[in-house]
Trainee: 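First the structure, which I've put down as structure tokens, then a few questions once you've had a look.
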Amino acid sequence: MWFFARDPVRDFPFELSPEPPEGSPPGPWTLHRGRKKATGSPVSIFVYDVKPGAEEQTQVAKAAFKRLKTLRHPNILAYIDGLETDKCLHVVTEAVTPLGMYLKARVEAGGLKELELSWGLHQIVKALSFLVNDCSLIHNNVCMAAVFVDRAGEWKLGGLDYMYSAQGNGGGPPHKGIPELEQYDPPELVDSSGRAVREKWSADMWRLGCLIWEVFNGPLPRAAALRNPGKIPKSLVPHYCELVGANPKVRPNPARFLQNCRAPGGFMNNRFVETNLFLEEIQIKEPAEKQKFFQELSKSLDSFPEEFCRHKVLPQLLTAFEFGNAGAVVLTPLFKVGKFLNAEEYQQKIIPVVVKMFSSTDRAMRIRLLQQSMLLLAPKLNEANLNVELMKHFARLQAKDEQGPIRCNTTVCLGKIGSYLNASEPSTCRTQTRHRVLTSAFSRATKDPFAPSRVAGVLGFAATHNLYSMNDCAHKILPVLCGLTVDPEKSVRDQAFKAIRSFLSKLESVSEDPSQLAEVGQWETQEEDKDTAEDSSAADRWDDEDWGSLETNNPDHRSSELDWSSWEAEGSWEQGWQEPSPPEPPPEGTRLASEYNWGGPEPSDKGDPFAALSVRREAGTQPRRDSWGDDNWEGLETESRQAKAELARKKREERRREMEAKRAEKKAAKGPMKLGTRKLD
């Protein structure tokens, strides 16, 4: 019976990528991309090939293998698996890129910021502090080639080949024998007298100074170049000079160096570093601290690197929502980060959270979903979810919710996402469905007893003006808007007049020049930036109104005890809804417009026409059931269709009676027919 030896490399659960190595740092290792065979997840694989006559280098490589396997720290390269044979060593780590390649790619992309560098250096110094202060180990190889970057932009310290104990056991530092690495050795190592007094961290801190110089200025040509800080930021220069000072005794401990750089005005005293430090300790933070952190996070995300937001911030946001009871406060940063995801990632990570949020009974959650999420979410939804499921929820909120602010924000949100409805469906009938949805929804809003909802309905028409046909504008929209010109609220009347002028200008332009009909008549195919300045300003009036302040516990918006502090949104949502102040009495002797004789036989003895209108107020906390009890978006068109059907029935009845009358007249004129005769046509 024959027995065949198994190939350990073939049986290894990880495999090398067929692509060439990413770059071989100075030393015995080569770095390859790889993947786990079972899942396909990416990894990095450091490979060392055993060569005859290189026993000393092989022992160094094996020592590095052992060190990396036993050292665990967030800022040290994470070991996953390894393979040791007579011919090679394989060390599998998290997927990383050499720092030199990473910085070059970021510079070429034009996206490298000092914020990233400050946090990256913070991580390397923290790793050195862990080694020397907690483990009594000297790294002995701090340089650009020993630093790697993961997919989130986190810097990891590797290159543990020449590490040794600071306590003297196990012998002194290993011999490197590589000129590219020896140039980072401090000057006191050349002093053979041994008279230089130094701390155990002195040599590594000198090498840290070399790393800082290379990060900002490129590869270090020679040790003398360290005298010129070059492009190193001014806030970092004093601390850098301490690192590369000739006296090793004054070089600071890594922990002390971090403390100095984190002082007010220091290089590492910024929002990005603070955010990262909070995320590292978020599990032990108090709920109130987490709430405050997530509220302020959204303002900073725009200045943070994209990869950091995707791979570090997003997992923390999802965890905080799922297990930390963070609630609505995570919505704004969650959707900001969601913009960086592709469609597949968005479907996997964001959509499940949003679905769960929509089922929440928390009023603050519902308000924030309407305010912030739909604008970012609408382009990501498929047609069925956007045009059917979401519209059902909107119809229910606008028709049946007892809170006026909820109904108002539903209308605002619909106006902002109207252009996305059926955007992927070229069918004419489906496009007409969008017209009916928007027309019916905004018309319904104009009859809401909550005045801000009526304003939202008007602005909804204005913001989506390019989605309606000529007939829609003339026969459906303008009649609704004209009815609001006598609304009891002046804010409603003002917006109604602006919207009317906008729609009339379109119709008038076609009337004056019918050749424009092909262009203007199909407004649904135009982009808003091609419209006139007046129309654009009409669409932009969403931000002129203060919708965010509508979150009140009392549906009556006239209450003087509204709690505007409950709003935590951004931008134009911050101020309260400004209820029109009561009109001041006119100066003595001033006559109202209604008191003038405008050409009639008698002077008018009626008061101001608007003063005769009763102010609409909400009855209790329930909206009026006669116009809000139906979830059907096309409810307003139902009466119109019924009226047309009734009119057609009456016309048919009149026609039938006319025909019967004519037959009777014709029969009477000819007289009775005689027997035996044949009627000739």
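When reading the values below, keep in mind they use all heavy atoms of this one structure, side chains included, and skip hydrogens, waters and symmetry mates.
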Trainee: Please answer whether the main-chain N or O of Asn228 pairs with a side-chain N or O of Trp213 as donor and acceptor at a distance below 3.5 Å.
Mentor: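 Confirmed, Trp213 side chain pairs with Asn228 backbone.
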Trainee: Rounded to the nearest 0.5 Å, how far does CG of Asn75 lie from CD1 of Ile124?
Mentor: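 The CG atom of Asn75 is 7.0 Å from CD1 of Ile124, to the nearest 0.5 Å.
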Trainee: Looking at Phe148, Phe14, Tyr79, which hits ring pair (Phe, Tyr, Trp, His ring centres under 6.0 Å) with Phe46?
Mentor: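 Going through the options one by one, the only one that passes is Phe148.
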Trainee: Kindly give the heavy-atom pair with the smallest separation between Phe304 and Cys309, and that separation in Å.
Mentor: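 Taking Phe304 first and Cys309 second, the nearest heavy atoms are CB-SG, 3.8 Å.
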Trainee: Is the NZ atom of Lys37 crowded by more than 12 outside heavy atoms at less than 6.0 Å?
Mentor: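 Yes.
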Trainee: Could you tell me whether a side-chain N or O of Glu214 sits under 3.5 Å from a main-chain N or O of Leu220, the two making a donor and an acceptor?
Mentor: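 Pair found, side chain donor or acceptor close to backbone of Leu220.
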Trainee: Could you tell me if the side chain of Met163 sits less than 4.5 Å from the side chain of Asn141, heavy atoms only?
Mentor: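 When only atoms from C-beta onward are counted, Met163 and Asn141 do not touch, as no gap falls below 4.5 Å.
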Trainee: Using 30° and 60° as the class boundaries, would you call the ring planes of Phe12 and His90 parallel, tilted or perpendicular?
Mentor: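 Taking His90 first and then Phe12, their aromatic rings stand perpendicular (interplane angle over 60°).
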Trainee: Using only atom types and a distance under 3.5 Å, with no angle test, would you say the side chain of His139 pairs donor to acceptor with the backbone of Gly158?
Mentor: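 Indeed, once roles are kept as given, a pair shorter than 3.5 Å links the two residues.
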Trainee: Looking only at non-hydrogen atoms, find the nearest pair between Cys88 and Val50 and report the distance.
Mentor: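 In this case the closest contact between Cys88 and Val50 is N-CG2, 3.9 Å.
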Trainee: Assess, by modelled atom type and distance only, whether the side chains of Ser202 and Arg251 contain a donor and an acceptor separated by less than 3.5 Å.
Mentor: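 Arg251 and Ser202 do not have a side-chain donor-acceptor pair below 3.5 Å.
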Trainee: Judged by atom type as modelled, is there a donor-acceptor pair below 3.5 Å linking the side chain of Lys156 to the main-chain atoms of Ile76?
Mentor: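 Such a contact is absent between Lys156 side chain and Ile76 backbone.
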Trainee: Roughly how far apart are Arg256 CZ and Glu242 CD, rounded to 0.5 Å?
Mentor: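 These two atoms lie 8.0 Å from each other.
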Trainee: What do you reckon, is CZ of Arg72 surrounded by more than 12 foreign heavy atoms closer than 6.0 Å?
Mentor: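 Above 12, so yes.
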Trainee: Would you say Thr58 and Tyr48 are linked by a side-chain donor-acceptor pair, where the criterion is simply a distance under 3.5 Å?
Mentor: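 There is such a pair (donor and acceptor under 3.5 Å, judged by atom type) between the side chains of Tyr48 and Thr58.
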Trainee: Please name the pair of heavy atoms, one in Leu99 and one in Val215, separated by the smallest distance, quoted to 0.1 Å.
Mentor: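 Smallest interatomic distance, heavy atoms only, reads CD2-CG2, 4.4 Å.
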Trainee: Quick one: are Pro233 and Phe216 in side-chain contact, heavy atoms under 4.5 Å?
Mentor: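 They are in side-chain contact.
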Trainee: Is there a side-chain contact between Pro254 and Met205 in this structure, where contact means two heavy atoms from C-beta onward sitting under 4.5 Å apart?
Mentor: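 Heavy-atom side-chain distance check passes, below 4.5 Å.
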Trainee: I need the minimum non-hydrogen distance between Leu181 and Cys143, along with the two atoms involved.
Mentor: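 Taking every non-hydrogen atom into account, CD2-SG, 4.0 Å.
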Trainee: Test Phe65 against Leu160 for side chain to side chain contact (heavy atoms under 4.5 Å, CB included), laying out the working first.
Mentor: CA-CA 8 Å; Phe65 189 150; Leu160 309 183; over 6 Å; no
Trainee: Looking at Arg262, I'd like to know if its CZ atom is crowded, meaning that more than 12 non-hydrogen atoms belonging to other residues, nucleotides or ligands lie closer than 6.0 Å.
Mentor: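 For Arg262, atom CZ is crowded (more than 12 foreign heavy atoms under 6.0 Å).
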Trainee: Going by atom types only, do Asn270 and Ser118 share a side-chain donor-acceptor pair under 3.5 Å?
Mentor: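 Checked: Asn270/Ser118 side chains pair up, N/O donor to acceptor below 3.5 Å.
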Trainee: When you compare the side chain of Trp119 with that of Glu154, does any pair of heavy atoms fall below 4.5 Å?
Mentor: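 Of all side-chain heavy-atom pairs linking Trp119 with Glu154, at least one is under 4.5 Å.
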Trainee: Check this for me: does any side-chain nitrogen of one of Lys36 and Glu15 sit under 4.0 Å from a carboxylate oxygen of the other?
Mentor: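 Salt bridge flag = no for Glu15 with Lys36.
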Trainee: Using every non-hydrogen atom in the two residues, find where Leu236 and Cys261 come nearest and quote the distance to one decimal.
Mentor: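 Smallest interatomic distance, heavy atoms only, reads CD1-SG, 4.0 Å.
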Trainee: Can you confirm whether Val244 sits close enough to Ile212 that some side-chain heavy atom of one is under 4.5 Å from a side-chain heavy atom of the other?
Mentor: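 A side-chain contact is absent here, since even the closest heavy-atom pair is not under 4.5 Å.
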Trainee: Examine distances only and state if a side-chain atom of Glu289 and a backbone atom of Glu286 form a donor-acceptor pair shorter than 3.5 Å.
Mentor: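 Judged by distance alone, yes, a pair lies under 3.5 Å.
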Trainee: The test is side chain to side chain contact (heavy atoms under 4.5 Å, CB included); show your working for Phe257 and His239 and say whether it passes.
Mentor: CA-CA 7 Å; Phe257 179 81; His239 310 298; 3.6 Å; yes
Trainee: Using the salt bridge (charged side-chain N to carboxylate O under 4.0 Å, His left out) rule, take Glu307 and Lys312 through it: C-alpha gap first, then chi angles, then the decisive distance, then the call.
Mentor: CA-CA 8 Å; Glu307 297 303 315; Lys312 189 168 183 179; over 6 Å; no
Trainee: Roughly how far apart are Glu274 CD and Phe293 CZ, rounded to 0.5 Å?
Mentor: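 Taking CD in Glu274 and CZ in Phe293, the distance rounds to 10.0 Å.
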Trainee: For the residue pair Arg310 and Pro315, what are the closest heavy atoms and their distance?
Mentor: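 So the minimum-distance heavy-atom pair works out to O-CD, 3.7 Å.
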Trainee: Nearest 0.5 Å please: distance from the CD atom of Gln348 over to the CD atom of Glu344.
Mentor: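 Reported to 0.5 Å precision, the distance equals 5.0 Å.
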Trainee: Taking Gln123 for the side chain and Trp155 for the main chain, is one N or O donor matched with an acceptor at less than 3.5 Å?
Mentor: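 Yes: the side chain of Gln123 pairs with the backbone of Trp155.
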Trainee: Report yes if the side chains of Pro42 and Arg35 come closer than 4.5 Å at any heavy-atom pair, otherwise no.
Mentor: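 Heavy-atom side-chain distance check fails, nothing below 4.5 Å.
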Trainee: Answer with yes or no whether the side chains of Asp204 and Asn140 bring together a donor and an acceptor at under 3.5 Å.
Mentor: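 Absent: no donor and acceptor within the cut-off.
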Trainee: Looking just at side-chain N and O atoms, do Asn133 and Trp201 make a donor-acceptor pair shorter than 3.5 Å?
Mentor: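 Looking only at side-chain atoms, Trp201 and Asn133 do not form any donor-acceptor pair under 3.5 Å.
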Trainee: Is there a salt bridge (charged side-chain N to carboxylate O under 4.0 Å, His left out) between Asp302 and Lys336? Walk through the geometry before answering.
Mentor: CA-CA 8 Å; Asp302 292 333; Lys336 271 199 171 184; 3.2 Å; yes
Trainee: Would you give the length of the straight line joining atom CD of Glu296 to atom OG1 of Thr332, rounded to the nearest 0.5 angstrom?
Mentor: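 Separation between the atoms: 13.0 Å.
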Trainee: Would you say that more than 12 heavy atoms from the other residues, nucleotides or ligands in this model lie under 6.0 Å from the NZ of Lys285, or not?
Mentor: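 More than 12 heavy atoms, drawn from other residues, nucleotides or ligands, come within 6.0 Å of this atom.
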Trainee: For residues Val96 and Val149, determine if any side-chain heavy atom of one lies less than 4.5 Å from a side-chain heavy atom of the other.
Mentor: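 Heavy-atom side-chain distance check fails, nothing below 4.5 Å.
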Trainee: Just how far is it from atom CD of Glu114 to atom OG of Ser235, taken to the nearest 0.5 Å?
Mentor: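 If we round to the nearest 0.5 Å, Glu114:CD and Ser235:OG are 6.5 Å apart.
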Trainee: Is there a side chain to side chain contact (heavy atoms under 4.5 Å, CB included) between Val43 and Thr93 once you walk through the steps?
Mentor: CA-CA 6 Å; Val43 296; Thr93 70; over 6 Å; no
Trainee: Please report the C-alpha distance between Thr97 and Asp150 in whole Å, then the side-chain angles of each, then the deciding distance to 0.1 Å, and finally whether the side chain to side chain contact (heavy atoms under 4.5 Å, CB included) criterion is met.
Mentor: CA-CA 6 Å; Thr97 302; Asp150 69 7; over 6 Å; no
Trainee: Under 4.5 Å between any side-chain heavy atoms of Pro229 and Lys234, yes or no?
Mentor: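 They are not in contact (no side-chain heavy atoms under 4.5 Å apart), so the answer is no.
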